[in-house]
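Since the structure comes first, as structure tokens, the remarks are kept for the end.
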Amino acid sequence: MKRVIGLLVFLLSLGSLAAAQTAVVTRNVNLRPNASTNGAPLAKLNVGAQVELVEPTQTSGFFHVKTTDGTEGWAWGHNLHVQTNEAANGIHVGPASLYPDAGMTPGLADTLSRDDLTRTYTDKCPAHKATCTYSQDHRNVLATVHTKVYDEYEVPQSKRNGTSGEVDHFYPLCAGGSNDIKNLWYQPASNDWNGKHFGYHQKDKLEAYVCAQIKDGTLDPQDAYDRMTKDWVKFYLDEGLDDMN
């Protein structure tokens, strides 16, 4: 009988955990002892941390939350994203609308060698260039492939232009990304979430940052690939690029 009761308690606890609403930290935030900025912070919650909502609604702009180690406190709601069940069960810090379809665009690299990415090229440079960079030498996406990507992502004809969005390398070409369709997706120019912009202009900023770091030798291309393809939005937020002009 005790075993049966114990099993029931265990199953009920699992159901409670499954039903608990969670949120993910989208910008570093202090965990405070009450719903205000008064008093010393209890802890600092970093981007990507997941917390449980003790109460589903905000108080004075703060959520009452519980961390994974059981600490309760209050966090500024603007720096949290309340997750849907789908997002909570996924691997991304943001909603699915900010990412390529993993089935169509998992990401693919042709090289993760820093030597390949930093040497000077002469064989396939754009017109009138005697020498060029890796990305200039290797950029080769046919118009028919662009069209196929537009079709796969069901982009209407009216939005197949650089103003509305672009066919983009998921893992950037300058960091060794492939021109294969498995590394291409349609990314809108305007794609807002949680009061911030996450369109292709913002991802371009991350790509430039990543490639500069690889060139300087401060970022390993394999690490860049892993972070970009796992969660480019988290990568962008972790590096504080949302705070840069």
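No hydrogens, no waters, no symmetry mates; every other heavy atom, side chains included, goes into these values. Note that the coordinates shown come from a computational prediction; the quantities given were computed from them, not determined experimentally.
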Can you check whether [X] reaches [Y] side chain to side chain, under 4.5 Å on heavy atoms?
X	Y	result
Asp168	Lys203	yes
Phe62	Thr37	yes
Glu166	Asp204	yes

If you round to the nearest 0.5 Å, how far is [atom2] of [Y] from [atom1] of [X]?
X	Y	atom1	atom2	answer
Leu206	Asp238	CG	CG	10.5 Å
Arg119	Asp137	CZ	CG	7.5 Å
Ile181	Met104	CD1	CE	9.0 Å
Lys66	Leu53	NZ	CG	11.5 Å
Tyr134	Gln136	OH	CD	13.0 Å
Asp216	Cys211	CG	SG	11.0 Å

Fill in: Mutual orientation of the aromatic rings belonging to Tyr121 and His138 [parallel < 30°, tilted 30-60°, perpendicular > 60°]
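Judged by the thresholds at 30° and 60°, the geometry between Tyr121 and His138 is perpendicular.
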
Worksheet item: Using the ring of each side chain (for Trp, its six-membered ring), is His146 parallel, tilted or perpendicular to Tyr150, with breaks at 30° and 60°?
Response: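 The arrangement is tilted - the two ring planes meet at 30° to 60°.
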
Answer yes if [X] and [Y] sit in the same cluster of Ile, Leu, Val, Met, Phe, Trp and Tyr residues linked by side chain heavy atoms under 4.5 Å apart, and no otherwise.
X	Y	value
Val65	Leu42	yes
Leu142	Trp185	yes
Phe170	Leu108	no

Practice prompt. Can you sort out the partners of Asn191 under side-chain contact (heavy atoms from CB on, under 4.5 Å), two or more places apart, ordered by chain and number?
Written response: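 So Asn191 forms a side-chain contact (heavy atoms from CB on, under 4.5 Å) with Ser97, Leu98, Pro188.
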
Check whether any side-chain N or O of [X] sits under 3.5 Å from a backbone N or O of [Y] as a donor-acceptor pair, and report yes or no.
X	Y	result
Asn30	Lys44	no
Tyr200	Tyr186	no
Asp231	Met228	no
Gln202	Gly199	yes
Thr105	Asn183	no
Asp220	Gln222	yes
Thr67	Val51	no
Arg32	Asn38	no
Tyr171	Ala175	yes
Lys129	Thr122	no

Does this structure show an ion pair linking [X] with [Y], if we count only N-O contacts that are shorter than 4.0 Å?
X	Y	answer
Lys230	Asp226	no
Glu239	Lys234	no
Asp242	Lys205	no

Discussion item. With side-chain contact (heavy atoms from CB on, under 4.5 Å) as the criterion, how do Leu45 and Trp76 come out once you've worked through the C-alpha distance, each side chain's angles and the decisive distance to 0.1 Å?
Written reply: CA-CA 11 Å; Leu45 305 179; Trp76 183 238; over 6 Å; no

Shortest non-hydrogen contact between [X] and [Y], atoms and distance:
X	Y	answer
His169	Ser178	CD2-O, 3.1 Å
Pro100	Tyr153	CB-OH, 3.5 Å
Ala224	Ile214	CB-CD1, 4.2 Å
Tyr99	Val233	OH-CB, 3.3 Å
Gly77	Phe63	CA-CD1, 3.8 Å
Leu219	Phe235	CD2-CZ, 4.4 Å

Do the side-chain N and O atoms of [X] and [Y] include a donor-acceptor pair separated by under 3.5 angstrom?
X	Y	value
Asp69	Thr71	yes
Asp192	His197	yes
Thr111	Asp116	yes

Worksheet entry | CA sep, side-chain torsions, deciding dist, call: Lys215, Leu117, side-chain contact (heavy atoms from CB on, under 4.5 Å) | CA-CA 8 Å; Lys215 182 178 180 180; Leu117 299 173; over 6 Å; no

Worksheet item: Can Trp232 and Gln187 be said to form a side-chain contact (heavy atoms from CB on, under 4.5 Å), step by step?
Response: CA-CA 13 Å; Trp232 81 267; Gln187 186 173 24; 3.4 Å; yes

Worksheet item: Is there a side-chain contact (heavy atoms from CB on, under 4.5 Å) between Asp151 and Arg160 once you walk through the steps?
Response: CA-CA 10 Å; Asp151 291 344; Arg160 299 188 179 194; 2.8 Å; yes

Worksheet entry | Within residues 132-168 or reaching into it, pairs that qualify as disulfide (SG to SG under 2.5 Å) - sequence neighbours excluded |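 For residues 132-168: Cys125-Cys132.
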
